[in-house]
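Report on one structure; see the data block that follows.
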Protein chains: 2
Amino acid sequence: MAGNTESERRPDLAAMMVPLGRALVAAELPVLREHGLAMWAYAVLLGLDDEPVHTQAALARDIGADKTRIIGVLDDLEERGLIHRQPDPRDRRARLLSLTAEGRRVRDTVQSAIQEREERLLARLPEEDRRGFLRALQTLAAMPRAEITGEPGPS
Amino acid sequence: MAGNTESERRPDLAAMMVPLGRALVAAELPVLREHGLAMWAYAVLLGLDDEPVHTQAALARDIGADKTRIIGVLDDLEERGLIHRQPDPRDRRARLLSLTAEGRRVRDTVQSAIQEREERLLARLPEEDRRGFLRALQTLAAMPRAEITGEPGPS
DNA sequence: GCCTATCGTAGGCGAATGCTTACGATGCCC
DNA sequence: GGGCATCGTAAGCATTCGCCTACGATAGGC
């Protein structure tokens, strides 16, 4: 056993990760619905988080959406006063995107509610596992996709 | 700040887990295609893993698929000699499902290739994080879905 | 024996998604 | 100032997925 510390058979990472992800999303949905947000709308609020400016195309890329598919989402969020969408004076093709104060408030409220649920879940893990889990997850999530797929990527 | 060891802002679990899951699936696809397997077919091979017997409906439930949607997959796998599908003598409505020797071989080959890639990825994590990550992931993945969503479940 | 439920199979519907094309407005390189 | 690229917008297309209905065969309770 000495050199074989973790040779226990385990399921594939994806086989665990994907259903878990689905379940976590399902857990988010009621919270989002309470605030009248769809998943993509929430993703937009999160994507606008720190970035002060943005162009719609860049935002779409960031949150893994299609450029043409978030337009309706942005329309809705703008109408509800959660985001600003002003023409960029320096590039009149682009629209500057930012959260309104209300948008920030909604994002914080929703994210707090969601993460509170998540913390309740994480609390059931042993302390050491939880820390490693969160650190590893953040590390992996921050990796460029090409490093995970092993592809050479779009050279 | 003493009692606040991990208060660093972190993304939502789902926001990390879902894209990561997608990337891991994308990493699996070339391997699967090499062996002529679609994702659902691989899921079936994995689902038949240890269970000696099965009914198609139970298998579908296990791998999170629709009862009516894996029929074609099973047809194909049977035709290729990777699974057995015999009528159950004790319940002539049902079909007993099992892996053939060849099916087991393919499953092992593919899974080894997949997990080898995964190990290369995991190797980039610090040892302690990796252990906690894998343990926590297995714990969470083994939880019934209702415990994650927080729903009372289908009582 | 009847009634109800389950199994496998077939087909279809509606929503979501990724991808593509097109178009007018605009910016940038040279 | 001409050519090319990018931005936002609109529309369409093919695929996938979850879900639902239906149907014949069969089990099982009573």
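Each chain gets a letter, A, B and so on, in the order its sequence line appears, and its residues count up from 1. No hydrogens, no waters, no symmetry mates; every other heavy atom, side chains included, goes into these values.
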| Set of residues satisfying side-chain hydrogen bond (donor to acceptor under 3.5 Å, both in side chains) with respect to Arg95(B), sequence neighbours excluded | none
| Five-pair end axes of the helix from dG1(C)-dC30(D) to dC30(C)-dG1(D) and the angle they enclose, rounded to 10° | 30°
| task | Using the test salt bridge (Lys or Arg N to Asp or Glu O under 4.0 Å), find all partners of Arg120(B) that sit at least two apart in sequence or belong to another chain. | result | Glu116(B)
| task | Might you work through the side-chain contact (heavy atoms from CB on, under 4.5 Å) test for Asp76(B) and Leu82(B), ending with a clear yes or no? | result | CA-CA 9 Å; Asp76(B) 179 58; Leu82(B) 302 183; over 6 Å; no
| message | Taking 4.0 Å as the cut-off, does a side-chain nitrogen or oxygen of Thr55(A) come that near to OP1 or OP2 on dG8(D)? | response | yes
| query | Taking the nucleotide of DNA chain C with the closest heavy atom to each, which residue, Ala57(B) or Ala65(A), is nearer the 5' end? | reply | Ala57(B)
| Whole-Å distance between dT15(D) P and Trp40(B) CH2? | 18 Å
| Does some side-chain heavy atom of Arg145(B) sit less than 4.5 Å from a side-chain heavy atom of Arg22(A)? | yes
| request: Work out which heavy atom in Arg92(B) is nearest to a heavy atom in Pro89(B); give both atom names and the distance. | output: CG-O, 4.2 Å
| Counting just side-chain N and O atoms, does Arg92(B) come under 4.0 Å of either OP1 or OP2 of dA25(D)? | no
| task | Ignoring backbone atoms, test whether Arg95(A) places a side-chain nitrogen or oxygen under 4.0 Å from the OP1 or OP2 oxygen of dT9(D). | result | yes
| Can you check whether Ser98(A) reaches His84(A) side chain to side chain, under 4.5 Å on heavy atoms? | yes
| remark: Sorted by number, residues from residues 80-89 of chain B placing a heavy atom under 4.0 Å from DNA chain C are Arg85(B)
| Touch check for Asp66(B), heavy atoms < 4.0 angstrom, all strands: base, sugar-phosphate only, or nothing? | base
| request: Indicate yes or no for a side-chain donor-acceptor contact from Glu118(B) to the backbone of Leu13(A) under 3.5 Å, with no hydrogens or angles considered. | output: yes
| Between Leu77(A) and Leu37(A), is any pair of side-chain heavy atoms under 4.5 Å apart? | yes
| task | List for me each residue that meets salt bridge (Lys or Arg N to Asp or Glu O under 4.0 Å) alongside Asp12(A), sequence neighbours excluded, and say none if there are none. | result | none
| query | Whole Å only: how far is the CD1 atom of Ile63(B) from the P atom of dC17(D)? | reply | 11 Å
| remark: chain A reaches DNA chain C, atoms under 4.0 Å from its heavy atoms, from dT17(C) to dG27(C)
| Closest approach of Pro30(A) to Ala26(A) (non-hydrogen atoms, all atoms of both residues) | CD-O, 3.1 Å
| query | Would a 4.5 Å heavy-atom cut-off, applied to side chains only, mark Gln115(B) and Arg10(A) as touching? | reply | yes
| Do any side-chain nitrogens or oxygens of Gln56(A) fall under 4.0 Å of OP1 or OP2 in dT6(D)? | no
| field | Distance in angstrom units between Arg69(B) CZ and dT15(D) P, rounded | value | 14 Å
| said: Could you tell me how far apart Asp91(B) (CG) and dG29(D) (P) are, to the nearest whole angstrom? | reply: 12 Å
| said: Starting the side chain at C-beta, find the nucleotide from dC7(D), dG8(D), dG12(D) nearest to Arg93(A). | reply: dC7(D)
| field | Integer-rounded Å distance: dC19(D) P and Lys67(B) NZ | value | 13 Å
| field | Arg135(B) and Phe133(A): CA distance, side-chain angles, deciding distance, side-chain contact (heavy atoms from CB on, under 4.5 Å) verdict | value | CA-CA 8 Å; Arg135(B) 268 209 303 266; Phe133(A) 175 70; over 6 Å; no
